[in-house]
Amino acid sequence: MEREFEKIIQFIRNVFGAENISLHEPCFCGNEKKYVIDVIESTFVSSVGEKVTEFEQKIASYTSSKYAVAVVNGTSALHLALRVAGVGENDEVITQALSFVATANAIRYLGAHPIFLDVTSKTMSLDPEKVYDFLSNNVQQQKYQGKKVSINKLTGRRIAACLPVHVLGHPARIDEIVQICDEYSIPVIEDASESLGTFYKGKHTGTFGLMGVLSFNGNKIITTGSGGMILTNDKSLAVRARHLSTQAKQIHPWEYIHDDIGYNYRLSNLQAALGLAQVEKLDFFVDQKRKLAQVYKDFFDKMDKIKFFEEPEKARSNYWLNAILLPDLNFRDKFLKLTNTAGVMTRPVWRPLHKLVMFKNELAMSLEVTENIYKHAVCLPSSVIKQKL
Ligand SMILES: *Cc1c(COP(=O)(O)O)cnc(C)c1O
């Protein structure tokens, strides 16, 4: 085992041309400095300024989304998207336990509860068949104030949304999930925090459901330092999200009039400047990351105990983080220890959310695939390599 690990470490060092390698670092190889200095010189460093709007337009156009609302991070984008979708106190939101903690936290911020369903082994994302089974076995559809609502018979609560995650940049079978949820009048909000640049059946992730959420954290494919965005084709949702993100302040030449409990969630002009420079490089980043994935795949295809995790069918993935599947937990833990000790950063996938103290009493169905992926998967260094591969 150890000799095999040494071989892998050496291979990764050769690919990146360094001894110590982080999991994912940003690549500032464009107009970042220039645009940030422009903003500093303009003095418009906070949330008022044209760079924010420009950045929104660039992302909207790249993703073919009609509207984009820039906010301070991906977590706040999730919070806001769920709120404008109508999720509230004591509602439930179908999601997956295989995700970053922010996905479930955002649900709890609104006093709602997650329902954890399983993922598929090919996508690591929410399994449409599990969604179908859950809804057809446990839901009663009712009319409430002229609208169809879906009540979970197990808890008596309303299921107000479904929040699938495009894990590691690979797309969920999102069209099927949306179709099933439509039948139950459940809006779908996509956590596309990791999947900017990923297309499924030719359409950008985050644009299949009612809304999609992006993150521009420092470890994501493009970064604004910290930032996030809501994508939607629904004008009224975009307007309301933007309004709530700016303390629900009404437009008035001098008065301070606020008409709701809003948030200080608007992205700053300074951050948007960084984002604008980054988005110019997005095609190059995706290209380099896809090539890196191919390099990893060719290498691991020659090893019989280790399997490279590939993009699912009909996907063009951004390969945000490359992952391999190891034979068992013991193997995984030894691998994690050896690589990290050697300065080659690797990480397991997240501890499944239903195992965390604050979510252990939430409703979780059978999560066999989720738990299996957790035991086998390890993420590898995946930063953009600056020299063309
Ligand atoms: C990064 C990430 C988020 C949160 O984004 P932040 O910008 O860090 O708040 C949410 N969900 C997933 C799946 C993520 O990977």
Side-chain angles (χ1 to χ4, degrees), residues 22-26 55-56 59 68-83 87 93-110 114 116-117 119 123-126 161-172 174 177 188-198 205-206 209 211-231 241 245 263-268 271-272 274-275 278-279 289 309 317-323 347-354 356 359 370 373-374 377 379 382-383:
S22 54
L23 195 70
H24 201 291
E25 56 189 49
F55 183 46
E56 287 175 335
I59 297 284
V69 180
V71 293
V72 287
N73 54 49
T75 309
S76 58
L78 285 169
H79 179 198
L80 205 49
L82 288 166
R83 176 161 165 196
V87 175
V93 177
I94 293 173
T95 190
Q96 55 195 72
L98 192 74
S99 185
F100 180 52
V101 69
T103 310
N105 278 347
I107 296 168
R108 291 294 298 129
Y109 294 165
L110 291 158
F116 295 118
L117 299 187
V119 297
T123 61
M124 296 198 189
S125 297
L126 197 60
C162 176
L163 181 58
V165 186
H166 302 289
V167 173
L168 307 184
H170 299 299
I174 187 65
I177 294 170
V188 174
I189 295 154
E190 297 166 63
D191 186 341
S193 296
E194 301 174 359
S195 68
L196 177 61
T198 297
T205 49
M211 279 173 277
V213 163
L214 304 175
S215 164
F216 311 117
N217 189 33
N219 64 345
K220 299 299 195 316
I221 187 162
I222 69 165
T223 185
T224 57
S226 176
M229 207 172 269
I230 296 173
L231 305 175
S245 78
Y263 312 94
N264 183 11
Y265 273 180
R266 189 81 173 139
L267 190 76
S268 77
Q271 289 165 305
L274 198 56
Q278 288 268 287
V279 86
K289 289 170 82 62
F309 189 82
S317 177
N318 69 1
Y319 277 98
W320 172 57
L321 283 186
N322 290 284
R347 287 288 181 268
V349 293
W350 317 273
R351 178 78 51 99
L353 301 178
H354 68 296
L356 302 181
F359 301 125
T370 298
I373 291 172
Y374 174 69
C379 297
S382 300
S383 306

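Note that ligands are numbered from 1 as they come in the structure, with each ligand's atoms numbered from 1 the same way. This chain uses plain numbering: 1 for the first residue, then up along the sequence.
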S.K.: Considering only non-hydrogen protein atoms, determine which one is nearest to atom 11 (N) of ligand 1 and report residue, atom name and distance to 0.1 Å.
M.R.: D191 OD2, 2.8 Å
S.K.: Step by step, work out the salt bridge (charged side-chain N to carboxylate O under 4.0 Å, His left out) result for K289 and E194.
M.R.: CA-CA 13 Å; K289 289 170 82 62; E194 301 174 359; over 6 Å; no
S.K.: Does the N or O separation between E194 and ligand 1 drop below 3.5 Å for any pair?
M.R.: yes
S.K.: Do S99 and Q96 have side-chain N/O donor and acceptor atoms under 3.5 Å apart?
M.R.: no
S.K.: So which protein heavy atom does atom 10 (C) of ligand 1 come closest to, and at what separation?
M.R.: S193 OG, 3.3 Å
S.K.: When you measure from atom 9 (O) of ligand 1 to every protein heavy atom, which one gives the shortest distance, and what is it?
M.R.: T75 OG1, 2.5 Å
S.K.: Quickly, which of L78, T75, L82 forms a side chain to side chain contact (heavy atoms under 4.5 Å, CB included) with Y109? Name it, please.
M.R.: T75
S.K.: Once you measure the plane-to-plane angle for Y265 and H79, does it fall in the parallel (<30°), tilted (30-60°) or perpendicular (>60°) bin?
M.R.: perpendicular
S.K.: Please give me the minimum heavy-atom distance between L80 and A241, naming the atom from each residue.
M.R.: CD2-O, 3.6 Å
S.K.: Take I107 and L163, measure what side chain to side chain contact (heavy atoms under 4.5 Å, CB included) needs, and give me the verdict at the end.
M.R.: CA-CA 9 Å; I107 296 168; L163 181 58; 4.0 Å; yes
S.K.: Check for me whether G228 has a heavy atom closer than 4.0 Å to any atom of ligand 1.
M.R.: no
S.K.: Please state which protein non-hydrogen atom is closest to atom 1 (C) of ligand 1 and give its distance, to 0.1 Å?
M.R.: K220 NZ, 1.6 Å
S.K.: Applying a strict 4.0 Å limit to heavy atoms, is G227 in contact with ligand 1?
M.R.: yes
S.K.: Between W320 and H24, what is the ring plane arrangement, given parallel below 30°, perpendicular above 60°, and tilted in between?
M.R.: tilted
S.K.: Can a donor-acceptor pair be found between the side chains of H170 and T123 at a distance below 3.5 Å?
M.R.: no
S.K.: Could you tell me the residue and atom name of the protein heavy atom closest to atom 5 (O) of ligand 1, and the distance to it rounded to 0.1 Å?
M.R.: S215 OG, 3.3 Å
S.K.: In the protein, what heavy atom is nearest to atom 6 (P) of ligand 1, and what distance, to one decimal place, separates them?
M.R.: G74 N, 3.4 Å
S.K.: Is the shortest distance from a heavy atom of H166 to ligand 1 less than 4.0 Å?
M.R.: no
S.K.: Within a distance under 4.0 Å of any heavy atom of S99, pick out the atoms of ligand 1 and give their elements.
M.R.: 13 (C)
S.K.: Counting only nitrogen or oxygen atoms and a 3.5 angstrom limit, does A102 reach ligand 1?
M.R.: no
S.K.: Is it the side chain, the backbone, both or neither of V165 that has a heavy atom closer than 4.0 Å to ligand 1?
M.R.: side chain
S.K.: Have a look at F216 and tell me which of L274, L196, V71, N73 forms a side chain to side chain contact (heavy atoms under 4.5 Å, CB included) with it.
M.R.: L196
